[in-house]
Novice: 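Have a look at the structure that comes next, please.
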Amino acid sequence: MSQTRQNDFEPDTAAALMVGTVEHWPPASQVEMHSHERDQLMYSTRGAMHVITASKRWILPPTRAIWIRGGTAHAFEAKRSVDVTVLYIESRAPGSPQWEGCAVVNVSPLVRELIVACASLPWDHRQNSRAGRLARVLLEQLDALPQAPLDLPEPKDCRAVRLAQWLKEHPEDRTPLTVLAPKFGGSVKTLERLFTAETGMSFGGWRIRLRMMMALEQLAHGESVANVAHAVGYESPSSFIAAFRSAFGTTPSRYFDV
């Protein structure tokens, strides 16, 4: 049974321009769709977290963080145990990135340590204090980080939605679209058109992205490459590693180097 988590603090009322919290989410935790006035930076120090908006979904391992613009409705999930650091930042904070919506960034070793340090700053620190200067260094570093798109756009048409859900529940299945399409009320051409129009990706590209994201979650929790390859539908570890390198530009082992 899932556990629904509710926020038990009010970051939007804090005096400091940046405040933080460190949370442990047990398996099957959920935070329902909500928003904050402040911008957020979410980072998992252990495990993989899911972040969901109305149109996209991200699975984020400990090498990536997500920036959520204030006012953006979002939800969280943790299918397995996760340790999460969350920073709440006023958009007027000096050096704060002015990204819209959500942005995923690669986390360098320096930024990782800055995130951890800023999570423990007093909630009433002043902008010109040592704590305030540390927060500004983090924001300036964030703005210089390369962004790493790890989102999975969600289709909207009911036929494509049903097919997408089935693929999420059966990532290991390699049945071609020619066989799947009639089972979900559409032709191959119709479903291909729907995925392209509604997600900006071909059906095949979307299916590969889904497999890679699900693989990231399992790898982040220590599963072996061989087990993950089988779990997401690849015949061998070598074929999975080749697909992973094509998607992320590196191998699974190097992807998780921090």
Novice: If you round to the nearest 0.5 Å, how far is OG of Ser55 from CD of Glu154?
Specialist: 8.5 Å

Novice: Counting N and O atoms only, with roles assigned by atom type, does the side chain of Trp206 sit under 3.5 Å from a partner on the main chain of Pro153, one being a donor and the other an acceptor?
Specialist: yes

Novice: Would you say NZ of Lys168 has more than 12 non-hydrogen atoms from neighbouring residues, nucleotides or ligands within 6.0 angstrom?
Specialist: yes

Novice: Whether Arg38 and Glu90 form a salt bridge (side-chain N of Lys/Arg under 4.0 Å from carboxylate O of Asp/Glu) is what I want to check.
Specialist: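 Salt bridge: yes.
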
Novice: Check whether Thr199 reaches the backbone of Thr196 with its side chain - one donor and one acceptor, N or O, closer than 3.5 Å.
Specialist: no

Novice: For the atom pair OG (Ser81) and NE2 (His221), what is the distance rounded to the nearest 0.5 Å?
Specialist: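 Separation between the atoms: 7.5 Å.
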
Novice: Please find the pair of heavy atoms, one from Pro252 and one from Phe240, that lie closest to each other, and give the distance.
Specialist: CG-CE2, 4.0 Å

Novice: Under a plain distance cut-off of 3.5 Å, with no hydrogens placed, do Tyr43 and Arg112 share a side-chain donor-acceptor pair?
Specialist: yes

Novice: Mind checking salt bridge (charged side-chain N to carboxylate O under 4.0 Å, His left out) for Glu77 and listing every partner two or more places apart, or none if nothing turns up?
Specialist: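 With sequence neighbours excluded, Glu77 shows a salt bridge (charged side-chain N to carboxylate O under 4.0 Å, His left out) to Arg57, given in chain and number order.
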
Novice: With rounding to the nearest 0.5 angstrom, report the CH2 to NE2 distance, Trp58 to His50.
Specialist: 13.5 Å

Novice: May I ask you to check whether Arg69 and Gln98 show a side-chain donor-acceptor distance below 3.5 Å?
Specialist: yes

Novice: Can you tell if the side chain of Arg92 reaches within under 4.5 Å of the side chain of Leu17, non-hydrogen atoms only?
Specialist: yes

Novice: Is there a donor-acceptor contact under 3.5 Å from the side chain of Arg64 to the main chain of Val104?
Specialist: no

Novice: Who passes side chain to side chain contact (heavy atoms under 4.5 Å, CB included) against Met18, sequence neighbours left out?
Specialist: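 Residues passing side chain to side chain contact (heavy atoms under 4.5 Å, CB included) with Met18: Leu87, Ile89, Cys118, Ala135, Leu138, Leu139.
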
Novice: Looking at residues at least two apart in the chain, or sitting in another chain, which of them share a salt bridge (charged side-chain N to carboxylate O under 4.0 Å, His left out) with Arg174?
Specialist: Glu235

Novice: Give every donor-acceptor pair under 3.5 Å between a side-chain atom in residues 241-250 and any protein atom, sequence neighbours left out.
Specialist:
none

Novice: Is there a donor-acceptor contact under 3.5 Å from the side chain of Ser129 to the main chain of Arg126?
Specialist: yes

Novice: Sequence neighbours left out, what passes ring pair (Phe, Tyr, Trp, His ring centres under 6.0 Å) with Phe203? Give chain and number order.
Specialist: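 Scan of Phe203 (ring pair (Phe, Tyr, Trp, His ring centres under 6.0 Å), adjacent residues dropped) gives Phe195.
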
Novice: Hey, could you give me the CG/CZ distance between Leu180 and Arg162, rounded to the nearest 0.5 Å?
Specialist: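 So the gap between those two atoms works out to 13.0 Å.
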
Novice: Verify, without hydrogens or angle tests, whether Glu198 (side chain) and Lys156 (backbone) share a donor-acceptor contact under 3.5 angstrom.
Specialist: yes

Novice: Calculate, to the nearest 0.5 Å, the distance between atoms CE and CG belonging to Met214 and Leu219 respectively.
Specialist: 12.5 Å

Novice: How many angstroms lie between OG in Ser108 and CG in Leu142, if you round to the nearest 0.5 Å?
Specialist: 9.0 Å

Novice: Only counting residues at least two apart or in another chain, list the ones meeting ring pair (Phe, Tyr, Trp, His ring centres under 6.0 Å) with His170.
Specialist: Trp166

